[in-house]
Novice: 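Submitted below is the structure of interest, expressed as structure tokens.
In what follows, chains carry the letters A, B, and so on, assigned in the order in which the sequence lines appear, proteins first and then strands, with residues in each chain numbered from 1.
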Amino acid sequence: MSALSVPILAFGLSGTPSGGISRSSEIVAAQMLTAHAHFHEVFTRTSIDRRVAQLAETWRIERGVVSSMSEMVLMSPYQQVIGLGREAVPSILRELSRQPDHWFWALQVITGVNPIPPSAEGNLSAMTKAWLAWAKTEGLFA
Amino acid sequence: MSRAKIVALFPSVKKSLFISSPETPGYNCVGFAAGDDTRWWWPQPPNVAYWPPGIPRALQLSSFVALFATLGYEDCDGEEFEDGFEKIVIFADANGTPTHVARQVASGSWTSKLGPLEDIRHSLRGLLGGPYGHIVRFMRRRRQDAR
């Protein structure tokens with residue numbers, strides 16, 4: 001329990017009116033609990049496009065000279081892109097179109113789809129084309 | 001990546017370093033060592049990197065050795081240049097997990113693709129003590145033009 005939560009919980013939010021606690025006080029206490037929860041959440045007003053672009057740039061810097069694809073996709077910025085979920089797929093596709101790079105594992109994990117034919121595995125240009133073609137048929141990318 | 005940044009990662013490479021290509025994520029060291037600069041070769045994850053059919057998709061030295069064996073390479077003792085042969089060297093981390101492959105060129109020097117960055121020429125010792133760890137295997141085959 002954090003130091004913040006001690007005085008908040010002292011309001012006695014039991015769900016039923018308690019002696020000496022007004023309705024207004026309960027509302028204030030509930031709002032404080034909400035604020036407390038938000039304090040611990042990762043929160044950003046950055047658009048999802050911008051967020052993906054930022055994470056992509058950080059990933060490119062952090063991977064440096066790494067040759068291991070398995071290591072590259074486990075790096076924090078890459079995992080954060082995956083963590084953005086389905087909402088981020090159009091942004092990832094735009095990033096892929098803008099600057100082709102190895103976003104294929106992220107797209108596969110998020111969508112559950114693999115449009116890359118075996119003959120294209122490992123070929124950046126061919127894998128990019130396969131994903132953008134799939135995205136167009138799905139109406140995710142113009 | 002600038003020369004200064006490469007040297008920062010591999011301090012021993014400073015004297016021998018020559019950058020021989022622009023950056024590209026289109027291929028990596030394994031493909032480059034195998035003579036393929038069109039694909040990223042790696043056993044994992046599946047579907048997104050090339051790995052020859054029939055070679056175990058395991059991130060283990062034995063898979064890399066099997067891969068280069070299919071290309072005609074066999075184990076050999078060391079880095080010394082041998083006339084009529086070309087060599088590759090496999091690097092691994094402290095757990096023995098492969099991290100990098102470099103190829104010897106006709107001058108006896110070595111060439112590497114640095115992940116998604118540039119190709120470089122370098123002394124073999126120049127890559128030691130950096131992110132690629134240590135040498136775990138040398139392999140050689142007869143030069144294609146010597147057959």
Novice: Look up atom CZ in B:Arg57 and atom OG in A:Ser70, then write down how far apart they are to the nearest 0.5 Å.
Specialist: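 OG of A:Ser70 is found 11.0 Å from CZ of B:Arg57.
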Novice: So for B:Trp42, is it side chain, backbone, both, or neither that comes closer than 4.5 Å to the heavy atoms of chain A?
Specialist: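 B:Trp42 touches chain A through side-chain heavy atoms alone.
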Novice: At a heavy-atom distance under 4.5 Å, which candidate from B:Thr38, B:Asp36, B:Val30, B:Ile6 has the highest pair count against chain A?
Specialist: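 Answer, by heavy-atom pair count under 4.5 Å with chain A: B:Thr38.
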Novice: Would B:Leu61 and B:Leu71 show up in the same hydrophobic cluster when neighbours are defined by side-chain heavy atoms closer than 4.5 Å?
Specialist: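 Yes, because B:Leu61 and B:Leu71 connect within a single hydrophobic cluster, where side-chain heavy atoms sit under 4.5 Å apart.
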Novice: For A:Glu71, is it the side chain, the backbone, both, or neither that has a heavy atom closer than 4.5 Å to a heavy atom of chain B?
Specialist: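 Neither part, no heavy atoms under 4.5 Å.
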Novice: With the side chain counted from C-beta on, respond yes when B:Leu117 and A:Val65 share a heavy-atom pair under 4.5 Å apart, and no when they do not.
Specialist: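 With C-beta onward as the side chain, the pair touches.
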Novice: Got B:Gln44 and A:Trp105 here, is their nearest side-chain heavy-atom distance under 4.5 Å?
Specialist: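 Not in contact.
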Novice: Let's test your reading of the structure: which of B:Ser112, B:Pro45, B:Gly26 forms the most heavy-atom pairs below 4.5 Å with chain A?
Specialist: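 The answer is B:Pro45.
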Novice: Relative to chain A, which segment of B:Tyr27 carries a heavy atom at a distance below 4.5 Å: side chain, backbone, both, or neither?
Specialist: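 It is neither, since no heavy atom gets under 4.5 Å.
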Novice: Within a radius of less than 6.0 Å around CZ of B:Phe18, do more than 12 heavy atoms belonging to other residues, nucleotides or ligands occur?
Specialist: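 12 or below, so no.
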Novice: Please identify, among A:Ile116, A:Val66, A:Ile61, the residue contributing the most non-hydrogen atom pairs under 4.5 Å to chain B.
Specialist: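 Highest number of pairs under 4.5 Å: A:Val66.
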Novice: Hey, is CZ on A:Arg98 packed in by over 12 heavy atoms from elsewhere, all under 6.0 Å?
Specialist: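 Yes.
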Novice: Would a 4.5 Å heavy-atom cut-off, applied to side chains only, mark B:Val48 and A:Glu121 as touching?
Specialist: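 Side-chain contact under 4.5 Å: no.
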Novice: So what's closer than 4.5 Å to chain B heavy atoms on A:Met69: side chain, backbone, both or neither?
Specialist: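 For A:Met69, the contact with chain B is made by backbone and side chain together.
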Novice: Do B:Val105 and B:Phe138 share a hydrophobic cluster, counting only Ile, Leu, Val, Met, Phe, Trp and Tyr and linking them when any side-chain heavy atoms are less than 4.5 Å apart?
Specialist: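 Cluster IDs for B:Val105 and B:Phe138 differ.
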Novice: Please flag which part of A:Asn123 lies under 4.5 Å from any non-hydrogen atom of chain B: side chain, backbone, both or neither.
Specialist: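 For A:Asn123, heavy atoms of backbone and side chain both lie under 4.5 Å from chain B.
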Novice: Any carboxylate oxygen within less than 4.0 angstrom of a Lys/Arg side-chain nitrogen, looking at B:Glu23 and A:Arg63?
Specialist: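 No, no charged N to carboxylate O under 4.0 Å.
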Novice: Heavy-atom distances under 4.5 Å only: say whether B:Lys113 touches chain A with side chain, backbone, both or neither.
Specialist: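 Backbone of B:Lys113 only, per the 4.5 Å heavy-atom cut-off to chain A.
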Novice: With hydrophobic residues grouped by side-chain heavy-atom distances under 4.5 Å, do A:Ile92 and A:Val109 end up in a single group?
Specialist: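 Yes, A:Ile92 connects to A:Val109 through the hydrophobic network.
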Novice: Side chain, backbone, both or neither: which part of A:Pro117 has an atom under 4.5 Å from a heavy atom of chain B?
Specialist: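 When you check distances to chain B, no heavy atom of A:Pro117 falls under 4.5 Å.
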Novice: Is B:Pro116 close to chain A through its backbone or its side chain, or both, or neither, when contacts mean heavy atoms under 4.5 Å?
Specialist: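 Answer is both: backbone and side chain atoms of B:Pro116 are under 4.5 Å from chain A.
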Novice: With a 4.5 angstrom heavy-atom cut-off, is it the side chain or the backbone of A:Val73 that approaches chain B, or both, or neither?
Specialist: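 Side chain of A:Val73 only, per the 4.5 Å heavy-atom cut-off to chain B.
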Novice: So, do A:Ser67 and B:Thr99 sit near enough that their side-chain heavy atoms are less than 4.5 Å apart?
Specialist: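 Of all side-chain heavy-atom pairs linking B:Thr99 with A:Ser67, none is under 4.5 Å.
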Novice: Can you tell me which portion of B:Pro98 sits under 4.5 Å from chain A's heavy atoms? Options are side chain, backbone, both or neither.
Specialist: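 Nothing of B:Pro98, per the 4.5 Å heavy-atom cut-off to chain A.
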Novice: Working to the nearest 0.5 Å, report the span between CG of A:Leu124 and OG1 of B:Thr24.
Specialist: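 Reported value, rounded in 0.5 Å steps: 7.0 Å.
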Novice: Shared ILVMFWY cluster between A:Val113 and A:Ile82, side chains joined below 4.5 angstrom?
Specialist: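 Same hydrophobic cluster.
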Novice: Linking I/L/V/M/F/W/Y whenever their side-chain heavy atoms sit closer than 4.5 Å, directly or via other members, would B:Ile135 and B:Phe32 fall into one cluster?
Specialist: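 No, no single cluster joins them.
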Novice: Out of curiosity, B:Asn28 CG to A:Ser68 OG, how far, rounded to the nearest 0.5 Å?
Specialist: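 It comes to 9.5 Å.
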